[in-house]
Amino acid sequence: DESASAEIDKRAQDPNQWPAPGRDNLLTRFSPLKDINTDNVGKLEMIWAQSMNSLRGQEGQPIVISDVGGKPMMFFVSGCPSMALCNVVQALDLSDPDNPKQIWNYVKTTDRDESAIPRACCDTVNRGLNYAKGKVVFHTLDGFVIALDAKTGKELWTVKHAYPEHGETHTGPAMIAENLVIAGFGGDEFAARGRLDAYDIETGEKVWTCHSTGSDKDVCLTPESNKANPHFGTAGKDLGIKTYPEGEWKIGGGAPWAWFSYDPELKMIYASTGNPGHWSPGLRCALKGDDHTHEKCNEYDAELGSGPFDNKWSMTIFGRKVDTGEVVFAYQMTPFDQWDYDGVNENILVDMEIDGKKRKTLVHFDRNGFAYVLDRTDGTLLRANKFVTVDWAEKVDLKTGRPIKVKAHSPFNIGVNTSSCPSAMGGKDQQPCAVDPSDPTMFYCPTNNWCMEDEPQERTHTQQGTVYVFANVYMYPEKPGITGKFKKFNVLTGETAWEIPDPYPNWGGGMVTAGGLVFYGSLNGDFRAVDRDTGKILWSRKLGSGIIGNPITYKVGGKQYVSVHSGIGGWIGLPVTAGLDLNDKFGAIGATAMAKAAGLNLIPQGANVYTFRVSD
Ligand SMILES: O=C(O)c1cc(C(=O)O)c2c(n1)C(=O)C(=O)c1cc(C(=O)O)[nH]c1-2
């Protein structure tokens with residue numbers, strides 16, 4: 001019997017489908033379709049649109065399955081305007097692909113937790129759903145993981161997974177690996193403790209749990225973990241406890257809130273973690289008095305491969321065994337984070353030749369501005385190149401894996417304002433890159449070009465479920481007039497092949513196709529097709545609202561279609577919408593001021609799936 005993820009892998013071999021959030025569990029966002037190509041993309045026309053019933057941000061993407069009860073179907077899930085309408089799933093029959101028919105919709109109506117909405121740090125988004133074994137599997141902001149019968153929309157099982165009262169809200173998509181549903185959540189700004197859980201896809205029963213902080217046992221670290229890379233710092237015991245001030249690992253953050261990937265040959269999942277709880281860095285170092293300096297809080301013990309205040313395992317890429325969650329390797333990008341550079345961005349799995357050797361690699365564009373290439377079998381660090389302006393670190397030492405921090409751009413002391421690039425939202429936030437596996441060193445990536453001033457504040461409480469930031473942060477464009485660049489980037493050489501500057505940050509993901517095209521959307525609603533070789537914009541259409549979703553493509557009835565969510569929101573989107581009040585609770589992070597500083601106009605809200613094809 002093939003596993004649920006083997007079914008997904010098989011569907012991904014069929015160019016007509018888009019069976020998982022990243023199209024495949026490798027997260028390539030590559031489509032082999034080429035009916036739409038550089039020659040005819042100018043004739044792309046909007047064919048249909050469907051409301052998503054929300055005025056909040058729509059990240060994520062639809063999925064398309066060619067044979068659900070004999071019918072081609074599209075499924076998608078919305079972000080939340082209110083709990084009553086939170087995470088509406090719609091199922092569209094694509095049998096008449098120019099005129100799809102909704103055949104069911106689903107919204108959970110019982111046991112909803114309204115307190116999730118104000119605890120979603122960065123908008124009430126949902127990054128997508130999955131399909132396998134006749135089931136649509138998705139999650140809700142207030143922490144349920146739910147499996148529906150794909151034909152009827154009937155609930156098959158529901159589990160309570162994340163708990164808003166503990167600061168946990170669920171935004172990132174679950175992933176199906178073997179017969180498990182792997183689920184994380186967000187909450188580092190609300191004193192949560194990061195955790196990854198695996199559920200049986202047939203029953204919803206919990207199979208394993210691994211935390212991001214705590215004892216080695218809690219983290220699923222074993223003596224075998226990191227054997228190939230002892231300098232990555234698993235030599236010490238219980239570093240997930242000891243690298244925090246006493247007891248603070250319990251509210252230590254490290255939430256895995258975005259994308260997960262899976263290698264079925266290695267049977268390993270890749271999931272990375274967010275920032276350590278609260279942004280005021282000095283308070284996450286237990287040293288006092290004259291010892292309490294930036295240098296001492298960043299010290300590194302070469303023998304342990306770890307610093308005493310690294311705040312492990314925040315900001316970490318974990319390679320885990322799928323069956324048990326056991327850590328094969330753990331690599332921390334930003335030890336003792338001083339900027340909120342969450343390490344959760346997608347880990348894309350491609351194979352490439354490096355220094356004459358064929359490698360199974362993992363590519364990760366981090367918030368901290370470095371694009372990392374790791375050997376995904378054992379975590380060996382192979383490259384770390386800057387893909388945006390980075391001043392907080394000179395470079396990453398490939399041997400120890402540690403960034404060489406620049407003190408002048410590392411916020412530390414309470415009340416002292418320090419500038420750094422990139423800003424807290426990162427050189428790239430959660431919006432995913434795309435890669436064609438046949439050209440595996442070249443990545444198509446949304447990037448952001450902001451810097452920030454950060455003034456750490458005193459801690460006033462340690463209460464889970466309440467805002468846990470303690471910093472005054474002001475973000476500003478690195479250069480006036482340009483705050484986003486979509487670029488093609490070589491992860492081996494660190495060279496940019498081309499880039500498209502934008503007045504707005506790039507908050508939507510990319511897609512690359514065998515038709516020679518890259519698709520992505522801008523924050524003010526321009527949906528674009530770009531020549532992947534030259535970076536020339538070949539086609540663009542204005543959609544109803546800003547685009548923070550990720551394009552997909554599929555083929556039904558002999559024709560190729562392209563779909564994307566439109567609906568402004570997400571962290572950057574909130575302040576530039578008409579609904580400024582939505583952002584007030586996070587005024588501390590200066591988002592509204594940030595939008596004003598950039599001179600951004602208000603962009604109207606409203607959520608739709610838009611679908612295009614080349615006109616006959
Ligand atoms: O640390 C966390 O737990 C957490 C969660 C989330 C989230 O769940 O959306 C975001 C962030 N942090 C964050 O730092 C961030 O920049 C961010 C942007 C977005 C978004 O969807 O636009 N979410 C989040």
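Just so you know, ligand 1 is whichever comes first in the structure, and atom 1 is the first atom listed for that ligand. These numbers come from the heavy atoms of this one structure, side chains and all, not from hydrogens, waters or symmetry mates.
Summary of contacts: the protein heavy atom closest to atom 9 (O) of ligand 1 is Arg127 NH2, 2.9 Å. The protein non-hydrogen atom at the shortest distance from atom 19 (C) of ligand 1 is Cys122 CB, 3.5 Å. Counting protein heavy atoms only, atom 4 (C) of ligand 1 is closest to Trp257 NE1, 3.2 Å. Given atom 18 (C) of ligand 1, the protein heavy atom at minimum distance is Asp429 OD1, 3.3 Å. In terms of protein heavy-atom proximity, atom 8 (O) of ligand 1 is closest to Thr171 OG1, 2.7 Å. Atom 21 (O) of ligand 1 has its closest protein heavy atom at Glu59 OE2, 2.6 Å.
The shortest distance between side-chain heavy atoms of Val125 and Arg56 does not fall below 4.5 Å. A 4.5 Å side-chain heavy-atom check between Thr462 and Ile251 finds at least one atom pair inside the cut-off.
Residue Cys121 touches ligand 1 through its side chain alone, judged by heavy-atom distances below 4.0 Å. Residue-level proximity to ligand 1 for Asn275 is carried by the side chain, the only part with a heavy atom below 4.0 angstrom. With a 4.0 Å heavy-atom cut-off, ligand 1 is reached by the backbone of Asp188 and by its side chain too. For Asp340, every heavy-atom contact with ligand 1 shorter than 4.0 Å involves the side chain, none the backbone.
Using a 4.0 Å cutoff on heavy atoms, Trp507 counts as a contact of ligand 1. For Gly570, the heavy-atom gap to ligand 1 drops under 4.0 angstrom. Residue contact annotation: Arg367 has a non-hydrogen atom under 4.0 Å from ligand 1. Ligand 1 has no atom lying under 4.0 Å from any heavy atom of Gln431.
Both tests hold for Lys160 against Tyr163: distance to the six-membered ring centre under 6.0 Å, angle to the ring axis within 45°.
Here the side chain of Arg284 pairs a donor or acceptor atom with the backbone of Asp337 at under 3.5 angstrom. In this structure, Arg367 contributes its side chain and Asp340 its backbone to a donor-acceptor pair below 3.5 Å. Side-chain N or O atoms of Thr171 include none that pairs as donor or acceptor with a backbone N or O of Thr124 at under 3.5 Å.
Between Asp502 and Arg528 a salt bridge is recorded (basic side-chain N to carboxylate O distance below 4.0 Å).
Looking at Lys405 and Asn298, their side chains do bring a donor and an acceptor atom within 3.5 Å of each other.
Residue Arg193 comes nearest to Glu168 through the heavy atom pair O-OE2, 4.4 Å, listed as atom of the first residue, atom of the second, then distance.
Listed by number with element, the atoms of ligand 1 under 4.0 angstrom from any heavy atom of Val125 are 21 (O). Less than 4.0 angstrom separates some heavy atom of Gly187 from each of these atoms of ligand 1: 2 (C), 3 (O).
The aromatic rings of Tyr372 and Phe370 sit tilted, their planes meeting at an angle between 30° and 60°.
Between Thr169 and ligand 1, no N or O atom pair is found at a separation short of 3.5 Å.
Atom CD1 of Ile63 sits about 5.0 Å away from atom CG of Leu129, to the nearest 0.5 Å.
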